[in-house]
*Asks:* 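The structure under discussion is supplied below as structure tokens; questions concerning it will follow.
These figures come from a predicted structure and were not determined experimentally.
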Amino acid sequence: MAAHVGVQAQRAEKQIKDEFEKLHCFLREEEVERLAALKEEEEEKNTRMKERVKEISEMMSSLMDTIRAVEEKLAVDDVLFLQSYKTMMERAQSASQDPQLGSGALINLAKHLGNLSFQVWEKMQGAVKYMPVVLDPNTTHPYLYPSENLTSLRSEDKGQSLPDNPQRFDSYRDILGSEGLTSGTHFWDVEVGENDDWRVGVAGGSVSRKQGLDEEES
């Protein structure tokens with residue numbers, strides 16, 4: 001019994017670590033994905049900003065050309081300057097328009113940070129599966145082998161070496177769920193695959209584990 005308890009603890013510890021590693025892996029992947037989205041938007045905003053800076057530089061260069069043209073005409077002939085005044089003013093006004101960045105110039109922080117933990121938790125729900133019935137391996141018949149997550153089992157012709165604790169069935173190949181029911185209406189979908197030899201039922205908590213299920217209790 002003591003040796004079996006040690007084996008149970010070791011297996012449980014390994015499975016707990018494996019499950020948490022899956023969760024850690026999910027969170028790391030989610031972190032990488034969200035940081036990549038943030039970086040992509042940052043690069044997009046920087047590209048748009050550089051384009052606007054280039055446009056402003058071109059506008060400043062055009063304005064400087066207009067100023068030089070005005071100075072040259074003033075130096076040559078006042079009359080010539082007055083004749084081209086209207087054209088030069090239109091060029092100057094066009095070049096001196098205040099550049100606007102437009103909407104969406106800044107990073108959308110609300111999208112990246114708003115309800116971040118909830119969004120990750122909601123996405124995590126889609127990656128995990130809840131099983132309403134969890135089997136109790138301490139009740140299993142030695143010829144039944146529960147899965148690691150205790151939601152399914154298979155039957156073998158070779159039995160396991162298990163301690164003969166009071167909760168364990170040793171006659172019929174039975175196993176109980178880990179939680180009992182006291183009231184209410186309950187139903188489940190049970191996948192039996194291609195097996196033609198199986199049974200599912202409800203038993204009272206006082207059912208005899210050492211003689212199998214009686215007919216009235218099955």
*Asks:* Ion pair present between Lys50 and Glu43, side-chain N to carboxylate O less than 4.0 angstrom?
*Replies:*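 No, this pair does not count.
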
*Asks:* Can you sort out the partners of Gln125 under side-chain hydrogen bond (donor to acceptor under 3.5 Å, both in side chains), two or more places apart, ordered by chain and number?
*Replies:*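 For Gln125, no residue satisfies side-chain hydrogen bond (donor to acceptor under 3.5 Å, both in side chains) once neighbours in sequence are set aside.
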
*Asks:* How about Glu21: does its CD atom have over 12 heavy atoms from other parts shown lying under 6.0 Å from it?
*Replies:*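 Yes.
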
*Asks:* I'd like to check the ring pair (Phe, Tyr, Trp, His ring centres under 6.0 Å) partners of Phe26; sequence neighbours left out, ordered by chain and number.
*Replies:*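 Testing Phe26 for ring pair (Phe, Tyr, Trp, His ring centres under 6.0 Å), a comparison that skips the adjacent residues, returns none.
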
*Asks:* Looking at Lys39 and Glu42, is any side-chain nitrogen of the basic one under 4.0 Å from a carboxylate oxygen of the acidic one?
*Replies:*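 A salt bridge is present here (some side-chain N lies under 4.0 Å from a carboxylate O).
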
*Asks:* So, using side-chain hydrogen bond (donor to acceptor under 3.5 Å, both in side chains) as the criterion, who are the partners of Asn46 when residues are at least two apart?
*Replies:*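 Asn46: no side-chain hydrogen bond (donor to acceptor under 3.5 Å, both in side chains) contacts found.
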
*Asks:* Mind checking what makes ring pair (Phe, Tyr, Trp, His ring centres under 6.0 Å) contact with Phe118, not counting sequence neighbours?
*Replies:*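 Phe118: ring pair (Phe, Tyr, Trp, His ring centres under 6.0 Å) contacts with Trp121.
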
*Asks:* Nearest 0.5 Å, please: how far is CG in Leu162 from CZ in Arg168?
*Replies:*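 Here the rounded value is 4.5 Å.
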
*Asks:* Identify, with sequence neighbours excluded, every residue that meets side-chain contact (heavy atoms from CB on, under 4.5 Å) alongside Arg34.
*Replies:*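 Partners of Arg34 under the side-chain contact (heavy atoms from CB on, under 4.5 Å) test: Glu30, Leu116, Gln119, Val120.
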
*Asks:* Donor-acceptor pair, distance only, cut-off 3.5 Å: does the side chain of Ser57 make one with the backbone of Val53?
*Replies:*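 Side chain of Ser57 to backbone of Val53, a donor-acceptor pair under 3.5 Å: yes, one is there.
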
*Asks:* Would you list the atom pairs, donor with acceptor, under 3.5 Å between side chains in residues 176-186 and any protein atom, with sequence neighbours excluded?
*Replies:*
{"residue": "Ser178", "atom": "OG", "partner": "Val134", "partner atom": "O", "Å": "3.0"}
{"residue": "His186", "atom": "NE2", "partner": "Ser183", "partner atom": "O", "Å": "2.8"}

*Asks:* I need the Leu135 CG to Leu150 CG distance, nearest 0.5 Å.
*Replies:*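 Separation between the atoms: 6.5 Å.
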
*Asks:* Between Lys22 and Glu19, does any NZ, NE, NH1 or NH2 come within less than 4.0 Å of an OD or OE carboxylate oxygen?
*Replies:*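 Looking at Glu19 and Lys22, the cut-off is met.
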
*Asks:* By side-chain contact (heavy atoms from CB on, under 4.5 Å), which residues pair with Val192, not counting sequence neighbours?
*Replies:*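 side-chain contact (heavy atoms from CB on, under 4.5 Å) check on Val192 returns Val190, Trp198.
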
*Asks:* Show me the side-chain donor-acceptor pairs of residues 104-115 shorter than 3.5 Å, one per line, residues at least two apart or across chains.
*Replies:*
{"residue": "Asn108", "atom": "OD1", "partner": "Ala110", "partner atom": "N", "Å": "3.4"}
{"residue": "Asn108", "atom": "OD1", "partner": "Lys111", "partner atom": "N", "Å": "3.2"}
{"residue": "His112", "atom": "NE2", "partner": "Glu41", "partner atom": "OE1", "Å": "2.6"}

*Asks:* Rounded to the nearest 0.5 Å, what separation is found between the CG atom of Leu23 and the CZ atom of Arg28?
*Replies:*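 The CZ atom of Arg28 is 10.5 Å from CG of Leu23, to the nearest 0.5 Å.
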
*Asks:* Looking at Asn195, I'd like to know if its CG atom is crowded, meaning that more than 12 non-hydrogen atoms belonging to other residues, nucleotides or ligands lie closer than 6.0 Å.
*Replies:*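 Counting neighbours around CG of Asn195, more than 12 heavy atoms of other residues, nucleotides or ligands fall under 6.0 Å, so yes.
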
*Asks:* Would you call Arg209 and Asp174 a salt bridge, using N to O less than 4.0 angstrom?
*Replies:*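 No, this pair does not count.
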
*Asks:* Could you list the residues that satisfy side-chain hydrogen bond (donor to acceptor under 3.5 Å, both in side chains) with Glu29, not counting sequence neighbours?
*Replies:*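 Checked Glu29 against side-chain hydrogen bond (donor to acceptor under 3.5 Å, both in side chains); zero matches.
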
*Asks:* How many angstroms lie between CZ in Phe20 and SG in Cys25, if you round to the nearest 0.5 Å?
*Replies:*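 Phe20 CZ to Cys25 SG: 15.0 Å, rounded to 0.5 Å.
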
*Asks:* Among pairs that include at least one residue of residues 3-18, which meet side chain to side chain donor-acceptor pair (under 3.5 Å), considering only residues two or more places apart or in two chains?
*Replies:*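 Side chain to side chain donor-acceptor pair (under 3.5 Å) check on residues 3-18 returns Gln8-Asn138, Glu13-Lys17, Lys14-Asp18.
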
*Asks:* Asp164: what forms a side-chain contact (heavy atoms from CB on, under 4.5 Å) with it, not counting sequence neighbours?
*Replies:*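 Scan of Asp164 (side-chain contact (heavy atoms from CB on, under 4.5 Å), adjacent residues dropped) gives Asp170, Lys210.
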
*Asks:* Applying side chain to side chain donor-acceptor pair (under 3.5 Å), which residue pairs with at least one partner in residues 141-156 are found, sequence neighbours left out?
*Replies:*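 Every side chain to side chain donor-acceptor pair (under 3.5 Å) pair that includes a residue of residues 141-156, provided the two are not neighbours, is Ser147-Asn149, Ser147-Ser152, Asn149-Thr151, Arg154-Glu156, Ser155-Arg173.
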
